[in-house]
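Worksheet: the structure to be examined is printed underneath.
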Amino acid sequence: MDCPPDRLDCDVTAHAPGEAGDSKTGNSGNAGSGGGTGKQVCAIGGKTVPCSRPGMGTFNAADGCYWMLQDPQPDAETARLATGIPGGWKPGDKGEFYNVTCPGDPLKGGLTYSATGPNAAAVDPAQLAQEAVKKMTLLGPDIASPRAAGTYIVGVPMWMWVDKGPTTYGPNTASASAGGVTVTATASVTKIVWKMGDGTTVTCGGPGTQYTASYGKQESPTCGHTYASTSASQSGGKYAVTATSTWTVDWQVNGGGTTGQITEIRQSQAQVAIGELQVVG
C-alpha cells in the first residue's frame with residue numbers, strides 16, 4: 001500500500017488473504033510410507049473359506065480344493081487308479097498320494113497323485129491391499145493457496161486450502177486380486193501438516209476453507225497462518241512451504257470379514273513471498 005502521510009484517504013490495491021496471484025504451486029507426488037498386516041486368506045469364487053479343515057486338509061489356491069495326505073499311502077493297485085499318476089509309475093517313485101476335496105466342484109477330487117505336493121500357499125490380503133494402493137497413484141496436496149505468484153503481507157492472515165481430487169485428496173478406490181481373493185481399498189486424506197518455512201507448523205484436519213472477499217481480514221476458520229516477519233532474508237526472498245498429507249487407506253477382502261488399514265504419506269512444496277505494507281512519505 002502506498003499512502004502519503006498528509007492524506008486521510010488513499011486508493012489501496014492489495015491481495016486479499018489467500019489471493020496472492022493466479023498461478024498455482026506444483027504437486028510433487030513424493031512416494032510415501034506404507035504399512036499394514038493381515039492374516040492369510042483363502043477364497044473360492046471370491047468367497048473367503050478356511051485355509052484348512054479337519055478331515056479335509058489344506059486349501060490349495062491353485063485348484064480351489066482341499067488336499068489331505070493319505071496316511072497310510074495306498075497300495076500299488078489302488079495307487080494306479082489315482083488322478084495325475086504318470087505312465088510308468090511304480091511303488092517307491094518320488095511323489096505322494098492325497099485325498100482331494102473340491103467344495104466348488106464335487107465332480108473333481110478324489111485320490112490324487114502329486115510329485116511336488118499341492119500349491120497350498122494362501123494369499124496375504126495386506127499385500128494385495130498394497131498392490132491396490134499402487135494403482136491409485138496417490139500424490140501430494142494440490143495446493144490452491146498460498147499461491148506462488150504475488151506477495152502476502154506481514155500480519156495479515158493467510159488462508160491455506162487445497163483442491164480436492166481423487167489422486168490428491170480422495171476418496172480413491174482400487175482393487176487387486178490373486179488366488180481367488182480380491183481386496184478393495186479406499187484412500188482418503190485425513191490431515192495435512194503445513195511447515196510454513198518460518199519455524200511454524202500448522203496441522204489441518206481437512207482441505208481448508210477457500211477465501212472470498214466477504215471474509216475481509218478474518219483468520220481462516222479451518223486452516224491458516226499469519227507471518228510475523230517478511231521473507232526478505234530467505235533464499236530467493238521466499239519462505240519454503242511444505243504441505244504433507246496423511247492418506248488413510250481402509251481395505252477389505254471382498255466376500256469376507258478380513259479388514260485392515262494402511263497409512264501413506266505424500267508431500268508438495270510451495271514458495272511464498274511475504275512483504276510488508278509501505279507508507280510513502
Side-chain angles (χ1 to χ4, degrees), residues 31 33-138 172-187 248-264:
S33 60
T37 59
K39 66 180 181 179
Q40 293 193 324
V41 171
C42 301
I44 298 175
K47 184 176 181 180
T48 303
V49 297
C51 289
S52 64
R53 285 181 171 176
M56 295 175 65
T58 302
F59 183 76
N60 179 10
D63 60 7
C65 301
Y66 289 89
W67 287 52
M68 174 170 281
L69 183 66
Q70 288 279 71
D71 185 18
Q73 291 283 284
D75 57 45
E77 183 177 349
T78 303
R80 288 188 172 90
L81 300 176
T83 300
I85 193 166
W89 175 89
K90 60 184 182 298
D93 284 355
K94 179 181 178 182
E96 293 179 299
F97 293 86
Y98 298 80
N99 184 44
V100 176
T101 305
C102 304
D105 188 352
L107 298 179
K108 288 172 58 178
L111 184 63
T112 302
Y113 168 87
S114 175
T116 59
N119 175 23
V123 176
D124 183 352
Q127 182 60 41
L128 288 181
Q130 292 283 3
E131 294 178 13
V133 170
K134 291 179 182 178
K135 296 180 180 180
M136 297 178 186
T137 316
L138 302 181
N172 195 325
T173 300
S175 298
S177 301
V181 177
T182 298
V183 168
T184 298
T186 300
T248 298
V249 184
D250 293 306
W251 58 263
Q252 182 171 9
V253 175
N254 293 10
T258 304
T259 62
Q261 192 174 86
I262 301 170
T263 299
E264 295 283 331

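Keep in mind that this is a model prediction, so the values were computed, not measured. In this chain, residues are counted from 1 in sequence order.
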Minimal non-hydrogen separation, [X] against [Y], with atom names:
X	Y	result
Trp251	Pro125	CZ3-CB, 3.7 Å
Met68	Gly55	CE-C, 3.4 Å
Leu128	Val181	CD1-O, 3.6 Å
Trp89	Ala79	CH2-CB, 3.6 Å

>> Within the structure provided, determine whether Thr259 and Asp250 are in side-chain contact (heavy-atom separation under 4.5 Å).
In response: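 Side chain of Thr259 against side chain of Asp250, heavy atoms only: no contact under 4.5 Å found.
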> When rounded to the nearest 0.5 angstrom, what distance separates CD in Glu264 from CD in Gln130?
Replying inline: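 Result: 6.0 Å between the selected atoms.
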>> Just verifying a value: how many Å separate Tyr113 OH and Gln70 CD, rounded to the nearest 0.5 Å?
In response: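 If I round to the nearest 0.5 Å, the distance is 14.5 Å.
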> side chain to side chain donor-acceptor pair (under 3.5 Å) with Ser52: which residues, sequence neighbours excluded?
Replying inline: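 Per chain and number, Ser52 pairs via side chain to side chain donor-acceptor pair (under 3.5 Å) with no residue.
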Contacts of [X] that satisfy side-chain contact (heavy atoms from CB on, under 4.5 Å) - sequence neighbours left out:
X	result
Pro54	none
Thr137	Leu139
Thr83	Thr112
Ala187	Met136, Leu138, Trp247, Val249

>> Please list all pairs meeting salt bridge (Lys or Arg N to Asp or Glu O under 4.0 Å) that have one or both residues in residues 69-81, counting only residues at least two apart or in different chains.
In response: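 Non-adjacent pairs meeting salt bridge (Lys or Arg N to Asp or Glu O under 4.0 Å): zero.
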Side chains of residues 91-110: which donor-acceptor partners sit under 3.5 Å, not counting sequence neighbours?
| from | atom 1 | to | atom 2 | distance (Å) |
| --- | --- | --- | --- | --- |
| Asp93 | OD1 | Lys90 | NZ | 3.3 |
| Asp93 | OD2 | Lys90 | N | 3.0 |
| Asp105 | OD1 | Leu107 | N | 3.3 |
| Lys108 | NZ | Asp63 | O | 3.3 |

